[in-house]
K.L.:
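Mind looking over this structure? Questions follow.
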Amino acid sequence: VQLQASGGGSVQAGGSLRLSCAASGGTFGRYVMGWFRRPPGKEREFVGAIGRIKWSGGNTNYADSVKGRFTISRDNGKNMVYLQMNSLKPEDTAVYYCAASDRDSGYYTEPQDYDYWGQGTLVTVSS
């Protein structure tokens, strides 16, 4: 499956952005979809994930740092996954990546849990 992330940009602290990730070339509903980010000078870190609708009802899991501010959703009919980011903070500044996992088990919180990656989209939050 190929992934294409979009929607990044510059925003002031407290603002909102919605990232989109378009999937093609695979059976989208079979994948657990995740979002990761790489802040400047840091390692890639988990943001959140959303499960397969059929097996898990599309349950979600978030990093503590974004819980209550970010929301992941998916539209299997459009092969899309979204990351709605509200109450943005300067520390949310990062390149954001969407990822897809074809694995049947795991916590889906580590990069190695995922098989396919998009190219990344930059989010810059100014204070």
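As a basis for the values below, the full set of heavy atoms in this structure was taken, side chains included, without hydrogen atoms, waters or symmetry mates.
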K.L.:
Going by heavy atoms in the side chains, are Y96 and M85 under 4.5 Å from each other?
P.N.:
yes

K.L.:
Are L88 and L19 linked, directly or through other ILVMFWY residues, by side chains that come within less than 4.5 angstrom of each other?
P.N.:
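Yes, L88 and L19 fall within the same hydrophobic cluster.
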
K.L.:
Report yes if some heavy atom in the side chain of R103 is under 4.5 Å from a heavy atom in the side chain of D115; otherwise report no.
P.N.:
yes

K.L.:
For side chain to side chain contact (heavy atoms under 4.5 Å, CB included), just list the numbers for T124 and V11, CA-CA rounded to whole Å, side-chain angles, deciding distance to a tenth of an Å, and then say yes or no.
P.N.:
CA-CA 6 Å; T124 303; V11 64; over 6 Å; no

K.L.:
Determine whether V1 and Y31 make a side-chain contact, defined as any pair of heavy atoms from C-beta on separated by less than 4.5 Å.
P.N.:
yes

K.L.:
Given Y97 and F36, is the ring-ring contact (aromatic ring centres under 6.0 Å, His included) satisfied, shown in steps?
P.N.:
CA-CA 5 Å; Y97 301 87; F36 286 76; 8.6 Å; no

K.L.:
Does atom CD (E43) have a neighbourhood of more than 12 heavy atoms from anything else shown, all under 6.0 Å?
P.N.:
no

K.L.:
Shortest non-hydrogen contact from Y108 to A49?
P.N.:
O-CB, 4.0 Å

K.L.:
What verdict does the salt bridge (charged side-chain N to carboxylate O under 4.0 Å, His left out) test give for D92 and K89, after you've listed the backbone C-alpha separation in whole Å, the side-chain angles of each residue and the deciding distance to 0.1 Å?
P.N.:
CA-CA 5 Å; D92 294 319; K89 304 176 181 180; over 6 Å; no

K.L.:
State, to 0.1 Å, how close A100 and Y114 come at their nearest heavy-atom pair, and which atoms those are.
P.N.:
C-CD2, 3.6 Å

K.L.:
Specify the closest pair of heavy atoms between M33 and L3, including all atoms of both residues, with the distance to one decimal.
P.N.:
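Closest approach of M33 to L3, heavy atoms only: CE-CD2, 4.0 Å.
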
K.L.:
Is there a path of hydrophobic side-chain contacts, each under 4.5 Å between heavy atoms, that joins L83 and V66?
P.N.:
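Yes, L83 and V66 fall within the same hydrophobic cluster.
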
K.L.:
Do you know which two heavy atoms are closest between A13 and S127, and how far apart they sit?
P.N.:
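In this case the closest contact between A13 and S127 is CB-CA, 4.3 Å.
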
K.L.:
Measuring only between side-chain heavy atoms, which start at C-beta, is N86 closer than 4.5 Å to S16?
P.N.:
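N86 reaches S16 side chain to side chain.
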
K.L.:
Measuring only between side-chain heavy atoms, which start at C-beta, is R37 closer than 4.5 Å to R44?
P.N.:
no

K.L.:
What's the separation between atom CD in Q84 and atom OG in S20, rounded to the nearest 0.5 Å?
P.N.:
9.5 Å

K.L.:
Test of understanding: clusters of I, L, V, M, F, W, Y form through side-chain heavy atoms closer than 4.5 Å, transitively. Do Y82 and F28 belong to the same one?
P.N.:
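Hydrophobic grouping puts Y82 apart from F28.
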
K.L.:
Considering only heavy atoms from C-beta outward, does the side chain of V32 approach that of I50 to under 4.5 Å?
P.N.:
no

K.L.:
Would W35 and V125 show up in the same hydrophobic cluster when neighbours are defined by side-chain heavy atoms closer than 4.5 Å?
P.N.:
yes

K.L.:
Check whether Y116 and I72 end up in the same hydrophobic cluster, where Ile, Leu, Val, Met, Phe, Trp and Tyr are linked by side-chain heavy atoms less than 4.5 Å apart.
P.N.:
yes

K.L.:
Hey, are the side chains of Y62 and V47 touching, using non-hydrogen atoms and a 4.5 Å cut-off?
P.N.:
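They are not in side-chain contact.
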
K.L.:
Evaluate whether atom NZ of K78 has more than 12 neighbouring non-hydrogen atoms of other residues, nucleotides or ligands under 6.0 angstrom away.
P.N.:
no

K.L.:
Less than 4.0 Å between a side-chain N and a carboxylate O, is that true for D102 and R30?
P.N.:
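Yes.
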
K.L.:
Could you measure the distance from the CD atom of Q2 to the CD atom of Q119? Nearest 0.5 Å is fine.
P.N.:
12.0 Å

K.L.:
What are the two closest heavy atoms between S101 and R52, and how far apart are they?
P.N.:
O-NH2, 3.7 Å

K.L.:
How about W117 and P111: do any of their side-chain heavy atoms sit closer than 4.5 Å?
P.N.:
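Touching, per the 4.5 Å side-chain cut-off.
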
K.L.:
Would you indicate whether Q12, at its atom CD, is surrounded by more than 12 heavy atoms from other residues, nucleotides or ligands within a distance under 6.0 Å?
P.N.:
no

K.L.:
Of all the heavy-atom pairs spanning V95 and L122, show the shortest one and how long it is.
P.N.:
CG2-CD1, 3.9 Å

